[in-house]
There are 2 protein chains.
Amino acid sequence: MKLQIQIKMNEDLFIRNPEHTELGRNIIKHSIQLIAHTGFEAFTFKKLAEDIGTTEAGIYRYFENKHRVLIYIISWYWGWLEYQISFVTNNVSDPVIKLKKVIKLLATTVEDDTKTNYVNENLLHQIIISEGSKAYLTKQVGEDNKHQFFKPYKDLCAVIGNIILECKPKYKYPRSLATTIIEMAHFQNFFMHNLPSLTDFGKSKSESEIILFLNDLVFSSIKKS
Amino acid sequence: MKLQIQIKMNEDLFIRNPEHTELGRNIIKHSIQLIAHTGFEAFTFKKLAEDIGTTEAGIYRYFENKHRVLIYIISWYWGWLEYQISFVTNNVSDPVIKLKKVIKLLATTVEDDTKTNYVNENLLHQIIISEGSKAYLTKQVGEDNKHQFFKPYKDLCAVIGNIILECKPKYKYPRSLATTIIEMAHFQNFFMHNLPSLTDFGKSKSESEIILFLNDLVFSSIKKS
DNA sequence: TATAAAAGATAGCATTGCTATCATAAATAA
DNA sequence: TTATTTATGATAGCAATGCTATCTTTTATA
């Protein structure tokens, strides 16, 4: 049996649903490849069209602009990650173990999930690390937020925040700690590979060290005391 | 007596030193205003030239491109902040008090420092919050790093890391904790104002709560145990 | 006063970001 | 089957951006 995941996407993100057509799925697939390869700044619809073998105008029929594409694929990732979390924490009763699994999931390079056809999760993870915060660090963040574009990120934050509260019901900053875990899982990875002297893992360049750091950080804050 | 601060800037950042001429100082001053106002994406040399009352070509005589301008003003800020830290921690022997002062400095909106003529630190602080990470989240990060463009940030990270080690000599992650403090001081501020449900300070929107969160986070990790 | 350095004034050109139009192919309904 | 939506392909075009070049005028300094 071949399982397929469907992530429900916000309809305001696109003009035409890219999941419904071959060209649409190609736009997603090649956007991920191109953004991962060239970075978001150098990513243009022209180049994307050439990669796919279609025209610029073709892309514009699906997405208003490249920023929407970025939000689309990043939202997809957060949705997929929330699914992964619910999967690996299923039947786990101890919230501390749950939270450790979440941290590991966030800080570990993912492999391409064969359950998702046209999405390469490994490239997507790299995009989250290098381009993730550019989704909201803009002047239009307020407008985009009205469209609910950041709901997947907020949902993820709420899920992690709730696990934190399970660990320590009286903890005062579950959401801020959740965003700290998420952002630092990615920033420490970026620093480790690109500006290693900003971290303590510069030599080993090993993700397991980031996990140890985050575990230490988080469980110092929320241990019973 | 009127005191003036001079921050030593990396010579590779500019073509002609903007501090040496009226036009140069205007470029810095108006870049800060324009980036704070329109965001880095919409910031162009054309608009900047119009603001100043000069021409695009005039700006290009000072800076190769807008990304160098961003790195310039951000580097300036880190340099200035390191000076502020050395100032407020001077004669303080207790490292815990030192670190608390640093956290407060990082998380508090600064007022315009009259000791610096053409730089508005308050606007600069907003830029750090919204645009700061765009300085390094690029494909050229490696190239830029070779030019030592991130030295001011690294120096700041080292200073804070050393204070952390003074607090707890055996702590394993002083640099990663330092970058966590720096980045989270700014990200929590951005979230609080723009995506409040990602934080626990959405209602009060008060910087003092961010300080409390960071203090809790940091001193749980490095308290004697 | 000579002359070098900085700034102003234009021009130009490739790329980007976006919209519009018309023709054709593919899917679906009458 | 034919009719007709619907999706795609093929071009064109235009304003804005990013950057370089050249020539003149002003300002600073030797």
Side-chain angles (χ1 to χ4, degrees), chain A residues 9 11-31 34-35 37-73 118 131 134-135 138-140 143-144, chain B residues 9 11-31 34-35 37-73 118 131 134-135 138-140 143-144:
Chain A
M9 300 301 295
E11 302 263 326
D12 286 6
L13 272 173
F14 46 77
I15 296 160
R16 184 173 299 170
N17 194 325
E19 290 174 293
H20 289 355
T21 64
E22 189 63 26
L23 178 58
R25 290 184 290 269
N26 264 321
I27 290 173
I28 303 306
K29 181 180 171 185
H30 285 87
S31 288
L34 192 55
I35 294 174
H37 187 250
T38 66
F40 184 63
E41 282 70 35
F43 167 72
T44 68
F45 278 6
K46 186 91 187 294
K47 289 178 196 163
L48 178 60
E50 277 160 21
D51 275 17
I52 298 173
T54 181
T55 59
E56 221 185 333
I59 318 282
Y60 277 104
R61 289 186 183 117
Y62 284 83
F63 288 97
E64 216 172 293
N65 55 52
K66 69 173 186 170
H67 191 245
R68 297 275 167 114
V69 175
L70 182 69
I71 297 184
Y72 183 97
I73 63 175
Y118 50 93
E131 323 289 344
K134 294 173 192 168
T138 69
K139 283 283 164 185
Q140 330 99 281
E143 274 305 304
D144 289 348
Chain B
M9 300 302 294
E11 302 263 326
D12 285 6
L13 273 172
F14 46 76
I15 296 161
R16 184 172 299 170
N17 194 326
E19 291 173 293
H20 290 354
T21 63
E22 189 65 26
L23 177 57
R25 288 184 291 268
N26 263 321
I27 290 173
I28 303 308
K29 181 181 172 184
H30 286 87
S31 288
L34 193 55
I35 294 175
H37 187 251
T38 65
F40 184 63
E41 281 70 34
F43 167 72
T44 67
F45 279 5
K46 187 90 187 293
K47 290 178 197 164
L48 178 60
E50 276 159 20
D51 275 17
I52 298 173
T54 181
T55 60
E56 219 185 334
I59 318 282
Y60 276 104
R61 289 189 183 115
Y62 285 82
F63 288 98
E64 217 171 294
N65 54 52
K66 68 173 186 170
H67 191 245
R68 296 276 166 114
V69 174
L70 182 69
I71 297 184
Y72 184 97
I73 63 176
Y118 50 94
E131 323 290 343
K134 294 173 192 169
T138 69
K139 283 282 165 186
Q140 329 99 281
E143 274 305 304
D144 289 348

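Quick note: numbers below take in every heavy atom, side chains included, and nothing from hydrogens, waters or symmetry partners. Chain naming here is simple, since letters A, B, ... match the order of the sequence lines and numbering starts at 1 in each.
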Presence of salt bridge, A:Glu50 and A:Lys47, under 4.0 angstrom
no
What contact category does A:Phe63 fall into here, base, sugar-phosphate, or nothing, at under 4.0 angstrom with non-hydrogen atoms?
nothing
What is the separation between atom CD1 on A:Ile15 and atom P on D:dT6, rounded to the nearest whole Å?
17 Å
Compute both the distance and the angle, then confirm whether B:Lys66 meets the cation-pi test with B:Phe45: under 6.0 Å from the six-membered ring centre, within 45 degrees of the axis.
no
Rounded to whole Å, how long is the line connecting atom NE2 of A:His20 with atom P of D:dT8?
12 Å
Looking only at heavy atoms, what is the nearest atom pair of A:Leu48 and A:Ser31, with distance?
CD2-OG, 3.4 Å
Which is more 5' along DNA chain C, the nucleotide nearest A:Asn65 or the one nearest B:Gly24? Just name the residue.
B:Gly24
Would you indicate, yes or no, if D:dG9 has its OP1 or OP2 atom less than 4.0 angstrom from a side-chain nitrogen or oxygen of A:Arg61?
no
Can you tell me how far apart CZ (A:Arg25) and NE2 (A:His20) are? Round to the nearest 0.5 Å.
9.5 Å
Given the rule in the side-chain contact (heavy atoms from CB on, under 4.5 Å) test, do A:Ile27 and A:Phe63 qualify, once you have shown the distances and angles that lead to the verdict?
CA-CA 9 Å; A:Ile27 290 173; A:Phe63 288 97; 3.9 Å; yes
Please report, rounded to the nearest Å, how far the C1' atom of D:dT11 is from the CD1 atom of A:Ile59.
16 Å
Going 5' to 3' along DNA chain C, between which two nucleotides do contacts with chain B fall, using a heavy-atom cut-off of 4.0 Å?
C:dA6 to C:dT10
Between B:Glu41 and B:Lys134, is there a salt bridge with N-O shorter than 4.0 Å?
yes
Tell me: CZ of A:Arg16 to C1' of D:dT5, nearest whole Å?
12 Å
Over all atoms of both residues, closest heavy-atom pair of A:Ile52 and A:Ile59:
CD1-CD1, 4.0 Å
In Å and rounded to the nearest 0.5 Å, what is the CZ to CG distance from A:Arg16 to A:Leu23?
8.5 Å
Specify the residues of residues 44-58 of chain B, ordered by number, for which at least one heavy atom lies under 4.0 angstrom from an atom of DNA chain D.
B:Thr44, B:Lys47, B:Glu56, B:Ala57
When the distance from CD of A:Glu22 to C1' of D:dT6 is rounded to whole Å, what number comes out?
17 Å
B:Thr21 vs B:Tyr62, test: side-chain hydrogen bond (donor to acceptor under 3.5 Å, both in side chains). Steps then yes/no.
CA-CA 10 Å; B:Thr21 63; B:Tyr62 285 82; 2.6 Å; yes
Report the distance from atom OH of B:Tyr60 to atom P of D:dT17, rounded to the nearest whole Å.
11 Å
